[in-house]
Amino acid sequence: MSTKKEQKRQALLQAALDLFAENGFNGASTALIAKRAGVASGTLFFHFKNKEELIHSVFNEVRENIDFEVLKDVPADLPIRERLSRMLSNLLRYFLAHPAEFKFAEQYHFSPLNQQGQGFREGNRAFHGLLLQAREQQIIKDIPCLCLEAIAFGPISSLAKEYANRGTPIDDEMVRVTIAACWDGLKR
């Protein structure tokens with residue numbers, strides 16, 4: 001793709017992300033997305049077959065960013081507890097730094113567009129695999145993975161919602177105690 005075409009595509013993806021986070025999937029029309037991106041409505045359909053394809057494309061970009069950030073500074077030779085804690089801390093810090101991405105990711109995760117709820121579990125195999133390994137080694141509770149994920153991600157999601165929706169200040173100490181609470185909920 002030429003640079004100008006790629007710039008238009010990126011402008012559409014960013015406008016879609018912002019509008020989906022602000023108004024939801026149904027509240028963000030393709031015409032509004034094109035207008036926010038500063039392109040003609042037909043340009044959107046040059047890059048994306050339909051709105052659903054646009055939503056999936058935004059998700060794939062957001063997921064890539066999240067997966068990259070979650071694994072930052074998490075060497076494989078760290079103990080499982082430290083790796084899990086760092087991954088959760090990285091995730092929370094990413095969501096706090098990118099509230100639109102958080103709102104979009106949560107909306108996508110719980111939408112019918114995310115077939116069988118696999119959007120992030122498939123995309124972040126490292127975290128899922130680490131949970132399975134920790135469970136197998138009897139470091140964490142022997143309960144279904146869905147329950148483990150709820151224990152790990154529930155507090156993170158709640159804090160991210162407070163910040164994204166209400167602007168509640170979240171400081172480093174709040175992040176630290178939240179991650180510690182996640183671990184306390186997971187451990188045996």
Side-chain angles (χ1 to χ4, degrees), residues 10 13-14 16-17 20-21 25 52-164 170-188:
Q10 286 304 314
L13 288 168
Q14 185 61 51
L17 170 67
F20 292 147
F25 295 150
E52 186 173 319
E53 183 179 286
L54 173 61
I55 292 169
H56 289 302
S57 295
V58 172
F59 173 73
N60 288 333
E61 290 218 351
V62 168
R63 182 182 61 197
E64 230 177 78
N65 294 338
I66 291 170
D67 288 348
F68 176 78
E69 290 297 322
V70 163
L71 295 172
K72 229 182 208 180
D73 301 320
V74 184
D77 61 344
L78 287 176
I80 288 177
R81 175 185 179 169
E82 183 63 26
R83 281 186 282 163
L84 283 170
S85 294
R86 282 192 189 188
M87 287 176 169
L88 291 171
S89 180
N90 288 347
L91 180 64
L92 178 52
R93 289 179 191 285
Y94 182 82
F95 284 156
L96 294 174
H98 302 91
E101 283 88 339
F102 167 73
K103 286 176 153 183
F104 174 85
E106 185 172 58
Q107 182 181 180
Y108 183 92
H109 183 75
F110 292 106
S111 79
L113 295 169
N114 181 12
Q115 297 295 319
Q116 300 173 331
Q118 296 302 308
F120 281 102
R121 266 182 252 138
E122 286 297 309
N124 190 1
R125 290 188 178 135
F127 186 83
H128 187 74
L130 198 53
L131 280 178
L132 292 174
Q133 182 183 357
R135 187 177 68 182
E136 189 177 285
Q137 292 179 16
Q138 299 183 352
I139 296 169
I140 61 174
K141 292 175 175 61
D142 186 16
I143 58 177
C145 249
L146 186 59
C147 297
L148 293 171
E149 290 171 358
I151 291 166
F153 296 126
I156 288 168
S157 179
S158 290
L159 233 52
K161 278 181 197 175
E162 281 294 327
Y163 181 76
I170 309 294
D171 62 21
D172 286 340
E173 179 62 10
M174 291 173 79
V175 170
R176 188 192 67 72
V177 298
T178 299
I179 301 309
C182 291
W183 175 254
D184 289 343
L186 292 169
K187 73 180 180 184
R188 279 188 171 265

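From a predicted model like this one, the values you see are computed outputs, not experimental measurements.
- V175 approaches S89 most closely through the heavy-atom pair CG1-OG, 4.0 Å.
- Looking only at atom types and distance, the side chain of S85 has no donor-acceptor partner in the side chain of R81 under 3.5 Å away.
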List the atom pairs, donor and acceptor, that lie under 3.5 Å between side-chain atoms in residues 94-101 and the rest of the protein, sequence neighbours left out.
residue: H98; atom: ND1; partner: Y94; partner atom: O; Å: 3.1

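- One finds the CG atom of L92 at 13.0 Å from the CD atom of E69 (value rounded to the nearest 0.5 Å).
- Without hydrogens or angle criteria, Q107 side chain to F20 main chain gives a donor-acceptor distance under 3.5 Å.
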Quiz item: Stepwise, does the side chain to side chain contact (heavy atoms under 4.5 Å, CB included) test hold for I179 with L84?
Solution: CA-CA 9 Å; I179 301 309; L84 283 170; over 6 Å; no

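- Closest heavy-atom contact between C182 and A152: SG-O, 3.2 Å.
- Scanning both residues, F102 and S157, for their nearest heavy atoms gives CZ-O, 3.6 Å.
- Taking the six-membered ring where tryptophan is involved, the planes of F104 and F59 are tilted, since the angle between them lies from 30° to 60°.
- The aromatic rings of F153 and F127 lie tilted to each other, with the angle between the two planes from 30° to 60°.
- The environment of CD in E64 is sparse: at most 12 heavy-atom neighbours from other residues, nucleotides or ligands sit within 6.0 Å.
- Of all the heavy atoms in L54 and A16, the pair that sits closest is CD2-CB, 3.8 Å.
- The backbone N or O of L78 lies less than 3.5 Å from a partner atom in the side chain of R83, making a donor-acceptor pair.
- Summarising the geometry of M87 relative to L71, their closest heavy-atom pair is CE-CD2, 3.3 Å, with the distance given to 0.1 Å.
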Exercise. Would you please test E61 and Q10 for side chain to side chain contact (heavy atoms under 4.5 Å, CB included) and show each step?
Key: CA-CA 10 Å; E61 290 218 351; Q10 286 304 314; 3.4 Å; yes

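- Taking OG of S111 as the reference point, atom CD of E106 lies at 11.5 Å (rounded to 0.5 Å).
- Contact detail for L159 and T178: the closest heavy-atom pair is CD2-OG1, 3.3 Å.
- Contacts of N60 classified as side-chain hydrogen bond (donor to acceptor under 3.5 Å, both in side chains), with partners at least two apart in sequence or in another chain: R63.
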Side-chain atoms of residues 132-148: list all donor-acceptor pairs with protein atoms under 3.5 Å, sequence neighbours left out, distances to 0.1 Å.
residue: R135; atom: NH1; partner: I143; partner atom: O; Å: 2.9
residue: K141; atom: NZ; partner: G185; partner atom: O; Å: 2.7
residue: K141; atom: NZ; partner: K187; partner atom: O; Å: 2.8

